[in-house]
Amino acid sequence: MQLAIRHLLPTYFTESATQISEIWGKDLVVEKGELIKIVAPSGNGKSSLIHFLYGMRSDYNGIISYAARNMNEFSIEDIARYRRDHISIVFQDMKLFADQTVQDNLEIKRQLNPYHPAGKIKEMAERLGIGDRLSIKCGTCSYGEQQRTAIIRSLLQPFDILLLDEPFSHLDNNNSEKAMKLVLEEAGARNAAIIFVDVERKDLFPFSRLYHL
Amino acid sequence: MALSFKPIRPLLQTGTSPWSRWFSYMGLGIGVMLLLGSIQMYINIQRLVKESNIRRNGFDFISITKTISNETMTHPEKNLFTQQDIDKIKAKPFVEDVAPLLANQFRVQLSAGRILPFKTEFFLESLNNGFIDTLPPSFSWQEGQEIIPIIFSSDFYEIYNVVFAPGQDLPQISKETALGLPVLITCYGNGKEQAFIGKIVAFSDRVNSILVPETFLSWANETFAQKTKMEASRLFIKTRDANNPDLVKFFDQEKYELNKDKTMLGRNKMIIQSILGGLGILGLIVLLLALMLFSFYLQLVVARSKDNLRLLLTLGYSPAWLSKQVSKRFLPVYILIILVALTVVQLMQWAFHHFAMYDRAELSSFIHWSVLFAALLLVSLSLFTNYRLVKKMLYRLN
């Protein structure tokens with residue numbers, strides 16, 4: 001299962017973006033188990049890239065294919081299966097149900113395609129220091145707690161690729177390290193690739209390839 | 001492990017007051033009840049009408065005449081049926097056969113001879129044997145035969161016994177006696193006069209007339225009136241259902257007089273069916289309005305929960321699965337409403353059968369299976385339309 005992009009460029013970007021970027025307008029193939037880091041300052045389309053790869057938007061030129069299938073040809077149900085079985089994500093804006101508890105937010109994702117038993121939620125939450133926040137509504141949690149919830153949520157399903165969009169932006173170094181360790185363990189267990197986008201290069205993520213967007 | 005809707009349910013915000021929801025439920029309930037009740041009553045009427053016909057060999061027999069109006073009363077020929085009229089009636093799909101009732105064209109006098117001091121001018125008619133309900137083998141006549149077999153109308157017999165005999169100081173006669181009683185029939189015309197002995201061989205409930213064999217009447221008309229071509233003022237119709245609304249409508253259009261008793265049910269059936277049809281349509285409108293209200297409610301739920309539903313889709317929930325779950329939300333309500341409506345209709349049917357119809361055998365105290373089927377169809381239809389609606393909205397959200 002590989003994810004590939006060919007001559008990818010958002011429709012709202014000019015061709016000049018391809019000259020300075022190592023991603024836009026270029027070809028890239030992501031194999032299982034690879035750790036890829038993409039860095040760029042704000043406004044260079046990091047989140048757009050992640051959304052394109054996750055199948056949330058299609059306002060781009062070029063081709064994104066998964067398992068040799070053009071994602072633009074995916075039906076709505078195909079996209080749902082793709083997200084349920086093959087790709088997971090930590091959104092920059094977390095995208096949690098604010099009125100639901102941390103536990104409910106995690107269970108909603110876990111039950112979709114359970115990779116872990118229900119008890120794993122508590123274990124992961126405790127590892128990331130939010131074990132006592134499980135019964136609290138996400139809307140009342142701090143950004144840091146919400147971000148850790150979003151990270152745990154992304155690890156409760158099977159996946160071949162994990163997309164991380166500035167996943168530690170609200171975490172201190174200590175919590176970032178703990179989260180990184182958990183993410184690497186989980187990705188390793190699935191032999192999954194990680195695409196990690198961030199504003200700057202941090203040495204937390206042991207990437208095998210680095211790209212500037 | 002099957003995907004559970006339990007953690008998803010709180011994400012759907014209803015946001016409407018319970019009052020408005022209960023009003024929708026009530027509207028739906030009334031609509032369903034009217035519709036199912038109309039279906040059940042329609043079936044009751046069909047059964048009643050079917051069973052109320054006195055049939056012989058599965059056919060009804062009715063007599064028709066042309067309506068005598070002020071314009072036609074001075075032209076008796078206009079009140080006769082032409083061959084064209086008969087052919088037109090015969091061609092109708094609801095008419096199995098037609099036979100004219102032919103009358104005497106000469107003077108006939110009836111007397112009881114020496115038995116009773118009674119003498120009267122009279123009439124005789126003949127009808128195709130296939131149309132007569134009580135036909136004994138002795139009902140035949142050949143030229144030279146002195147005895148004429150007669151089939152006498154039961155109604156005329158009753159009138160004689162109840163009205164005529166007491167008023168004229170004549171004896172009342174039992175049916176058994178009447179069957180053996182010879183009467184003197186004298187035919188006059190064409191310068192001739194001949195007496196015959198008439199014997200009642202049967203009574204007819206169907207034909208209000210004094211019937212003699214066709215062979216006698218055609219011979220007598222030729223002999224005493226010199227007429228070979230006969231035109232009838234009365235026709236007998238053989239039909240599968242005298243209460244067929246099409247039949248009643250056709251004869252009304254042609255301005256033919258019908259035996260009202262026999263077609264009364266048909267006329268009532270038409271009226272009742274129209275009322276039931278109206279009720280059914282009203283039920284359908286109420287039902288449609290209630291279903292529309294539900295669909296608006298569903299749209300409101302989806303609109304209010306738009307962000308949550310969109311996030312569920314983003315997380316990988318299938319729109320088809322979500323549509324099924326969201327549209328199933330109303331299933332318990334629908335089932336409850338249908339069950340309540342069915343119970344009410346069942347109670348109504350029982351009360352109708354027991355109190356209004358006095359447990360008539362042709363009706364049942366229980367609702368007909370088609371009412372249950374209609375209820376089931378309603379639930380499935382509402383679920384399907386809800387599913388389609390939600391799916392369309394979710395696809396738009398994605």
Side-chain angles (χ1 to χ4, degrees), chain A residues 47 50-51 54-58 74-118 121 137-139 149-150 152-159 161 163 165, chain B residues 1-18 21 295 297-329 331 383-398:
Chain A
S47 291
I50 290 291
H51 290 172
Y54 193 61
M56 280 172 76
R57 282 166 54 185
S58 56
F74 280 18
S75 69
I76 292 178
E77 292 297 331
D78 285 340
I79 293 274
R81 272 190 291 274
Y82 174 61
R83 292 172 187 168
R84 190 189 62 196
D85 303 334
H86 301 292
I87 193 159
S88 192
I89 190 167
V90 177
F91 291 104
Q92 187 186 13
D93 58 352
M94 278 83 82
K95 292 198 191 299
L96 297 167
F97 297 106
D99 290 330
Q100 306 305 306
T101 64
V102 171
Q103 174 80 39
D104 289 342
N105 265 279
L106 297 174
E107 184 54 29
I108 285 169
K109 180 65 179 176
R110 194 198 69 82
Q111 69 144 4
L112 190 57
N113 186 2
Y115 181 81
H116 287 302
I121 289 177
K137 280 190 177 178
C138 273
T149 306
I152 295 171
R153 184 178 66 182
S154 73
L155 304 176
L156 293 170
Q157 67 166 91
F159 55 82
I161 296 141
L163 304 173
D165 188 2
Chain B
M1 198 182 74
L3 197 52
S4 162
F5 188 63
K6 209 175 145 199
I8 314 293
R9 192 168 293 128
L11 301 176
L12 295 173
Q13 294 162 11
T14 53
T16 45
S17 77
R21 240 177 306 150
S295 90
Y297 179 58
L298 211 56
Q299 285 181 52
L300 192 71
V301 169
V302 173
R304 278 176 190 264
S305 320
K306 195 174 65 188
D307 292 339
N308 286 344
L309 286 168
R310 188 178 280 142
L311 183 49
L312 284 170
L313 296 174
T314 303
L315 291 178
Y317 275 84
S318 142
W321 183 84
L322 268 178
S323 313
K324 218 181 285 175
Q325 299 305 318
V326 174
S327 53
K328 256 168 52 185
R329 261 178 71 87
L331 186 62
L383 279 181
F384 179 70
T385 48
N386 281 354
Y387 171 71
R388 289 287 300 264
L389 176 79
V390 177
K391 194 172 170 187
K392 210 169 132 190
M393 287 165 76
L394 286 180
Y395 270 42
R396 228 178 285 151
L397 273 184
N398 206 359

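These figures come from a predicted structure and were not determined experimentally. Lettering follows sequence order; numbering is per chain, from 1.
Your options are A/Q157, A/R84, A/R81, A/K109, and the one with the most heavy-atom pairs under 4.5 Å with chain B is A/K109.
For B/S327, the side-chain hydrogen bond (donor to acceptor under 3.5 Å, both in side chains) test picks out no residue, with sequence neighbours left out. Residues satisfying the salt bridge (charged side-chain N to carboxylate O under 4.0 Å, His left out) test with A/D93, not counting sequence neighbours, are A/K95. Residues forming a ring-ring contact (aromatic ring centres under 6.0 Å, His included) with A/F159 (at least two apart in sequence, or on another chain): none.
Across all their heavy atoms, A/I76 and B/P319 have their closest contact at CG2-CG, 3.1 Å. Pairing each heavy atom of A/Q100 with each of B/P10, the nearest pair is OE1-CB, 3.9 Å. When every heavy atom of A/E77 is checked against every heavy atom of B/A320, the shortest pair comes out as OE2-N, 2.9 Å.
Contacts of A/L96 with chain B are made by backbone atoms alone, with heavy-atom separations under 4.5 Å and no side-chain atom involved. For A/Y82, no part lies under 4.5 angstrom from a heavy atom of chain B.
Among the residues in residues 309-318 of chain B, those with a non-hydrogen atom closer than 4.5 angstrom to a non-hydrogen atom of chain A are B/L311, B/L312, B/L313, B/T314, B/L315, B/G316, B/Y317, B/S318.
Within the 4.5 Å cutoff, side-chain heavy atoms of A/I108 are placed close to those of B/L11.
Taking a 6.0 Å sphere around CZ of B/F384, one finds it holds 12 or fewer heavy atoms contributed by other residues, nucleotides or ligands.
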